[in-house]
Amino acid sequence: MDLLPSADQQELVAAAAEFFAEQVPISAVRERRADPAAIAPKVWAEGALLGLLGLAADVAVGGSGRPLDDEALLFRELGRALVPGPFLGSVIGARLAALSGAADLAGFVIEGHTLVAPALLRVDDDVATVADGVLTGRIRLLDPAGAEYALVVTDDGAGLVATAALTDLAPVESSDPGTRMGTARAEAVPVTCWVPATQDPIALRGAVLAAAQLVGIAEATRDLSTAHAKTRIQFGRPIGVNQAIKHRCADMAVSAEAALQQTLFAAVSLRSGRADAEFQVRAAKVVAGRAAITNAAETIQVHGGMGYTYEHDAHLYLKRAHVVDQLFGSRTAQLAPLLAQEAAQ
Amino acid sequence: MDLLPSADQQELVAAAAEFFAEQVPISAVRERRADPAAIAPKVWAEGALLGLLGLAADVAVGGSGRPLDDEALLFRELGRALVPGPFLGSVIGARLAALSGAADLAGFVIEGHTLVAPALLRVDDDVATVADGVLTGRIRLLDPAGAEYALVVTDDGAGLVATAALTDLAPVESSDPGTRMGTARAEAVPVTCWVPATQDPIALRGAVLAAAQLVGIAEATRDLSTAHAKTRIQFGRPIGVNQAIKHRCADMAVSAEAALQQTLFAAVSLRSGRADAEFQVRAAKVVAGRAAITNAAETIQVHGGMGYTYEHDAHLYLKRAHVVDQLFGSRTAQLAPLLAQEAAQ
Amino acid sequence: MDLDFSPEQLLFRDEVRTWLAENAPSEPRPHGAAPMREYDLAWQRTQWEGGWAGIAWPTEYGGRGLTTLQQLIWYEEYARKGMPSIDACFVGLNHAGPTLITRASEEQKAHHLPRILRGEVVWCQGFSEPEAGSDLASLATRGEIDGDDIVVTGQKVWTSFADLADHQELLVRTDRSDRKHHGITWVIADMHSPGIDVRPIETIDGGAEFCEVFYDEVRIPLANVVGEVDKGWAVAMSTLSFERGTAYTAGQVRLAALVENLIELARERTGPDGRRPAIADDEISRRLATCRAEVASLRAMTYAGICRNLASDAPGPEGSIIKLYYSDIAKQVARLAMDVLGPDGLEFVSRWVPGGWSGHYFYSYSASIGGGTSEIQRNIIGDRVLGLPR
Amino acid sequence: MDLDFSPEQLLFRDEVRTWLAENAPSEPRPHGAAPMREYDLAWQRTQWEGGWAGIAWPTEYGGRGLTTLQQLIWYEEYARKGMPSIDACFVGLNHAGPTLITRASEEQKAHHLPRILRGEVVWCQGFSEPEAGSDLASLATRGEIDGDDIVVTGQKVWTSFADLADHQELLVRTDRSDRKHHGITWVIADMHSPGIDVRPIETIDGGAEFCEVFYDEVRIPLANVVGEVDKGWAVAMSTLSFERGTAYTAGQVRLAALVENLIELARERTGPDGRRPAIADDEISRRLATCRAEVASLRAMTYAGICRNLASDAPGPEGSIIKLYYSDIAKQVARLAMDVLGPDGLEFVSRWVPGGWSGHYFYSYSASIGGGTSEIQRNIIGDRVLGLPR
């Protein structure tokens with residue numbers, strides 16, 4: 001047993017982090033605010049070249065064939081650096097394509113040519129359904145700009161629908177300036193690359209990667225708060241000397257650590273087919289979602305008025321945390337199936 | 001409009017507080033731990049002589065005819081001084097007797113000769129019911145020692161049952177050393193002095209007095225913690241300089257103040273027949289129950305190891321808070337009917 | 001103790017109701033800066049003409065000379081009727097005005113107070129600075145006395161509506177010896193003075209009411225000093241205590257209405273299980289009922305505070321209890337709204353339009369920051385209400 | 001990264017399972033002081049004879065010389081099988097033993113360590129004093145050096161099982177100059193020495209494991225000093241870090257079992273509405289699932305901590321993260337149990353008997369106090385993990 005990232009993994013992650021710092025600094029989120037796509041197509045293509053979209057995909061479809069825990073570490077960096085763009089949808093989309101034999105499509109996604117936007121199947125009180133291979137109802141699309149497919153996930157499995165087949169596409173304003181959003185209607189739109197949950201636990205895989213992204217947010221906001229607590233002077237001393245601040249940072253450290261370790265545990269559990277993998281993954285999504293939202297919210301408070309401004313990064317983390325929390329089952333949605341599991345192994 | 005206790009009320013309350021300090025200091029709770037009755041019969045009798053049991057009862061049955069808010073202020077002192085004994089059951093019992101024409105019985109209770117023990121109608125999964133004027137099922141009795149009657153409250157009304165008619169009376173260990181407890185079975189035991197809820201909001205009246213007692217606990221524990229924070233020296237300074245302690249005390253002050261003001265507001269609302277009296281009373285029970293339990297729990301933490309000892313008063317407050325929270329509807333039990341009310345006036 | 005209004009208070013309430021029913025603005029409040037200023041001032045003018053401006057202000061300055069109890073009645077009826085927020089007029093009516101009443105000279109009062117009531121001017125506050133947030137007394141904006149003027153250079157921040165304002169209650173440092181609370185002067189700045197530069201700050205809820213204000217050798221007549229030069233700290237503190245006391249009444253009444261709206265929403269929307277209405281969910285229903293209970297107790301605290309104020313003079317540190325509790329509840333209500341909305345909460349809807357819950361949610365983060373952070377309120381309660389050692 | 005045990009670790013686990021199945025005590029653990037001591041020591045002796053004592057201790061002192069990973073496997077299997085708590089042996093195995101291994105002389109190790117493993121002695125801890133709780137370094141119990149002895153006078157408090165103990169890891173002040181951390185000496189006291197008076201303290205959960213210990217000119221040989229005279233602070237800190245690290249593993253595994261028991265209870269009992277099982281209540285079920293998630297993550301943190309320890313030497317301040325999280329969860333689980341019980345929670349049932357939820361609830365208040373309060377843990381995390389200014 002070894003739960004510490006290997007030297008190999010650390011190197012891989014450092015390379016990704018360097019790319020993000022250079023190509024997609026957080027300021028870019030604010031700068032591209034009015035652009036149709038949250039991430040510049042050029043950066044997307046370069047990220048694909050770097051192998052970010054196919055890290056854990058089979059070599060046969062153009063991936064690097066690395067294990068899920070590597071991919072989780074990558075998504076942690078995506079969360080930490082607040083990288084925008086439909087990474088989660090595309091990575092899972094490529095896997096669906098590969099699993100259902102559409103190797104070409106998988107390759108296109110991994111090469112960054114084809115984008116997959118995650119869909120949420122509830123808009124107001126309308127809940128879209130997948131039955132007999134078709135999707136019907138209203139859906140919410142995240143980062144639909146330039147996406148050829150939408151990723152659709154239900155309790156029974158997951159698949160893709162062509163965005164061109166959707167109607168009433170309407171952009172709506174997203175709270176997160178780094179996530180574009182739209183609604184659309186599906187009138188019996190065929191679902192392709194459908195993979196039943198019984199064949200592959202694709203939704204759990206998505207939940208692990210989402211949890212990892214949330215971990216990155218929880219860690220980044222812990223670090224933002226800690227740095228501010230060390231340097232911001234009030235009453236003649238750094239505010240971090242005050243327990244109201246110090247203990248809040250300590251609580252952030254606890255929740256980030258719990259989220260990190262549980263997410264890595266879950267990634268390894270799922271990869272290695274542990275009997276309690278579903279338990280571990282759902283637990284990870286719960287603690288990581290809470291850690292990200294709580295830490296980001298506390299970061300606003302620690303920064304006071306500054307944290308309440310659009311110019312500061314704190315709210316971007318909070319808003320992203322809310323978005324990722326909703327992907328592959330929110331905290332609330334995870335709890336009932338978690339309780340239905342057998343006790344952990 | 002005036003929500004501040006009058007000079008008259010302050011005087012009355014001061015007299016009661018003085019009596020409690022002299023006759024039932026908190027140490028007496030520990031000293032009488034092995035006694036069958038939590039309060040000494042002599043003290044009970046003297047309290048009755050002082051008029052504690054008939055403050056708001058009609059003069060016709062031997063009461064003082066004062067308004068409900070006076071009685072709420074008295075119960076706040078009972079809570080604050082951790083006075084044991086079935087005050088709540090007896091005061092409400094006397095009112096039931098008076099309302100149903102049993103003036104003699106009301107008088108006996110007010111004079112301290114007849115005691116009324118509150119009953120809780122659920123023991124494990126058995127829920128006792130009142131139908132056709134009889135009580136059936138298992139019940140839990142609080143402070144049954146020497147009590148001739150048990151007070152039974154349902155959604156439909158309230159009444160008394162003779163304890164002599166109960167079977168399988170068995171003492172059980174109570175967590176609160178200041179509250180005795182037993183279980184019993186009622187096999188179609190007649191309920192006397194039944195007052196339907198449509199005739200008099202007796203359960204709401206009980207809830208106001210219970211809330212007031214909880215307010216007293218919330219205030220007393222706030223004061224205990226504050227006093228300790230001022231005097232306990234660690235790292236060369238009073239621990240109250242640390243925000244971990246100071247801010248906790250501040251939060252206790254907030255919750256105690258909210259509980260106090262809402263309870264007084266509720267008492268006056270109920271007394272004056274405001275249309276939203278039920279809303280106000282249920283809200284009071286919720287905030288007061290939470291304030292008492294939270295403040296008492298935090299008082300243990302503020303006192304550290306000391307607060308975890310039997311010899312300290314903190315746990316006595318916590319345990320009493322849990323007992324009173326269950327009377328006339330717990331926090332949880334109040335929430336659904338509170339939500340069913342019209343908005344506040 | 002009683003909750004009953006006296007016959008004249010009841011009469012007052014009836015008058016309020018009748019007047020509001022007849023005079024409520026028919027147009028919705030605009031959100032652009034300039035039109036909002038005009039709207040708010042026009043509505044204030046209407047209230048003044050109707051005799052509803054400065055209900056608890058002294059009659060000699062155009063007020064009604066009634067008590068804060070009548071003011072409370074007004075707020076409650078106003079909120080019940082869903083009347084517009086008075087944002088642009090807030091500082092004048094609730095900060096600057098009350099401070100002037102207590103501390104200003106007769107000339108200052110006679111000049112400014114009626115203009116505030118008549119809706120002729122917008123005021124803003126100039127207290128916080130980038131390096132003087134919670135530690136307000138460390139403010140560094142310089143005021144050099146030069147002849148009959150104070151010449152001000154420096155920067156303020158978090159000034160609501162500075163871009164719309166005519167006057168500012170401004171704190172400057174006139175003595176730079178190291179006694180922090182000494183040497184601060186409270187002065188009225190004309191926002192149209194040369195050398196003042198205002199830049200709006202965008203906030204996390206899409207609002208832009210906060211501004212940075214830059215001062216470059218701005219000349220302010222010494223006659224505009226309220227109280228004495230170097231002794232403005234006490235003047236400012238009286239304003240802050242006021243802010244934490246009854247000034248929250250209106251916000252509190254709005255919060256109660258928000259809770260009822262949320263209950264309505266939870267009745268209408270399907271809950272997290274996708275089958276039952278949200279209100280049928282045990283967790284959501286308990287949290288909704290808890291919000292109701294808390295808002296009720298916040299109101300009871302406010303009533304009690306008003307009764308206390310009627311008996312004494314200036315608002316005490318107890319105002320911090322109300323402020324802290326208000327902030328906690330406001331944040332809880334907003335979080336609950338997000339949980340009721342689920343994925344739909346990701347969509348941004350401004351709090352100025354119906355159903356603007358996500359806007360409200362982000363706005364709620366200001367509740368525990370603005371007007372003194374919750375940490376500062378807890379310090380005040382600990383130090384000044386409970387007497388804990390510093 | 002992997003969660004797989006190596007073939008030899010799997011073999012080890014199988015051996016543990018087999019041995020526990022064959023050797024589990026058949027008698028329930030008694031609760032009286034003396035019989036409990038006998039029971040705990042006898043069971044420790046059985047473990048030693050089976051080769052299961054000191055799994056991660058050096059072989060030269062009777063240990064198995066394996067890693068903390070094997071120790072973890074033991075704890076998990078032990079808890080899974082519902083084996084008795086090892087309370088009376090806890091300090092010897094988890095505090096004093098590890099400290100002696102790191103800091104004691106060869107003679108001290110050779111004498112004491114095998115006796116701990118063989119279940120011959122009970123140890124207790126003598127750190128806290130009435131005026132030195134969180135501020136441990138301010139301890140005042142005097143140790144005067146007189147010939148070959150230290151003569152100890154003073155008082156300790158919160159000493160678990162002092163009334164059953166043979167030895168005590170005792171901190172005394174041997175130098176009263178004002179350098180608080182200097183001048184403290186870590187010494188092994190014989191609890192049967194003349195001048196020691198032990199008085200049990202009753203606690204809020206009906207327990208009496210804590211004691212006050214009074215010292216009246218108690219003579220302790222200088223040979224019993226561990227490390228150097230006046231330099232015991234560092235010795236004590238190594239014990240405390242250890243306590244906050246892997247020593248919580250066993251408690252954490254028990255907590256996970258407690259959550260599963262509580263889920264079972266919620267399935268069986270009717271919930272607050274008096275109609276459906278408690279687990280059908282949306283609030284209760286979400287809180288139960290949240291507890292499951294938290295306990296799972298606590299375990300993942302512990303695993304990661306063990307992997308980190310395998311790579312380095314001494315436990316670092318990260319142990320405080322586990323300790324703090326453990327305390328929070330333990331209190332939450334207990335509160336939830338009380339909410340599941342409703343009015344039945346008023347009845348006292350000791351945590352030593354099945355269904356003893358109310359006993360557990362009151363016991364849970366010790367979680368954020370004992371072994372360093374949660375406030376102290378937050379200070380340590382802030383100062384030493386995050387590097388915040390003091």
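What you see is a predicted model, and the numbers here were worked out from it, not measured in a lab. Values below: all heavy atoms of this structure, side chains included; hydrogens, waters and symmetry mates excluded.
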Partner of B:Thr299 under side chain to side chain contact (heavy atoms under 4.5 Å, CB included), chosen from B:Met252, B:His228, B:Arg222: B:Met252

- prompt: In a check of side chain to side chain contact (heavy atoms under 4.5 Å, CB included) between D:Glu129 and each of D:Asp135, D:Leu139, D:Leu136, which one passes?
  reply: D:Leu139

Which atoms of [X] are under 4.5 Å from chain D, going by heavy atoms: the side chain, the backbone, both sets, or neither?
X: B:Val323; answer: both
X: B:Ser330; answer: neither
X: B:Arg248; answer: side chain
X: B:Ala297; answer: both
X: B:Ile245; answer: neither
X: B:Glu173; answer: both
X: B:Leu120; answer: side chain

Using a 4.5 angstrom heavy-atom cutoff, name the option from [options] with the most pairs to chain B.
options: D:Ser138, D:Gly133, D:Ser128, D:Pro272; result: D:Gly133
options: D:Thr373, D:Ile369, D:Asp205; result: D:Ile369
options: D:Asn379, D:Ile204, D:Leu341, D:Val349; result: D:Ile204

Heavy-atom distances under 4.5 Å only: say whether [X] touches chain B with side chain, backbone, both or neither.
X: D:Ala208; value: neither
X: D:Leu346; value: both
X: D:Ser358; value: side chain
X: D:Tyr361; value: side chain
X: D:Asp339; value: side chain
X: D:Glu283; value: neither

field: Result of checking B:Asp126, B:Asp125, B:Asp124 against B:Arg122 for salt bridge (Lys or Arg N to Asp or Glu O under 4.0 Å)
entry: B:Asp125

Go through [options] and name the one with the most non-hydrogen pairs under 4.5 angstrom from chain D.
options: B:Lys319, B:Glu311, B:Met306; result: B:Lys319
options: B:His303, B:Gln326, B:Met181, B:Arg331; result: B:Gln326
options: B:Leu318, B:Ile239, B:Ile233, B:Leu142; result: B:Leu318
options: B:Gly307, B:Ser175, B:Ala244; result: B:Ser175

message: For D:Asp87 and D:Ser160, which I'm curious about, is there any donor-acceptor pair between the side chains at under 3.5 Å?
response: no

- request: Ignoring hydrogens and angles, state whether a donor on the side chain of B:Thr221 or B:Glu298 is under 3.5 Å from an acceptor on the partner side chain.
  value: no

Short N-O contact, B:Arg33 and D:Glu202, less than 4.0 angstrom: yes

- prompt: Between D:Asp344 and B:Arg140, is there a salt bridge with N-O shorter than 4.0 Å?
  reply: yes

- request: Find the distance between CG (B:Asp176) and CZ (B:Arg320) and round it off to the nearest 0.5 Å.
  value: 4.5 Å

task: Report yes if the side chains of B:Lys285 and B:Leu214 come closer than 4.5 Å at any heavy-atom pair, otherwise no.
output: yes

- prompt: Does some side-chain heavy atom of D:Thr270 sit less than 4.5 Å from a side-chain heavy atom of B:Val127?
  reply: no

task: Decide ring pair (Phe, Tyr, Trp, His ring centres under 6.0 Å) for B:Tyr308 and B:His315; before the verdict, give the C-alpha distance in whole Å, the side-chain angles of both, and the deciding distance to 0.1 Å.
output: CA-CA 7 Å; B:Tyr308 188 63; B:His315 74 111; 9.2 Å; no

message: Angle between ring planes, D:Trp357 versus D:His360, binned at 30° and 60°: parallel, tilted or perpendicular?
response: tilted

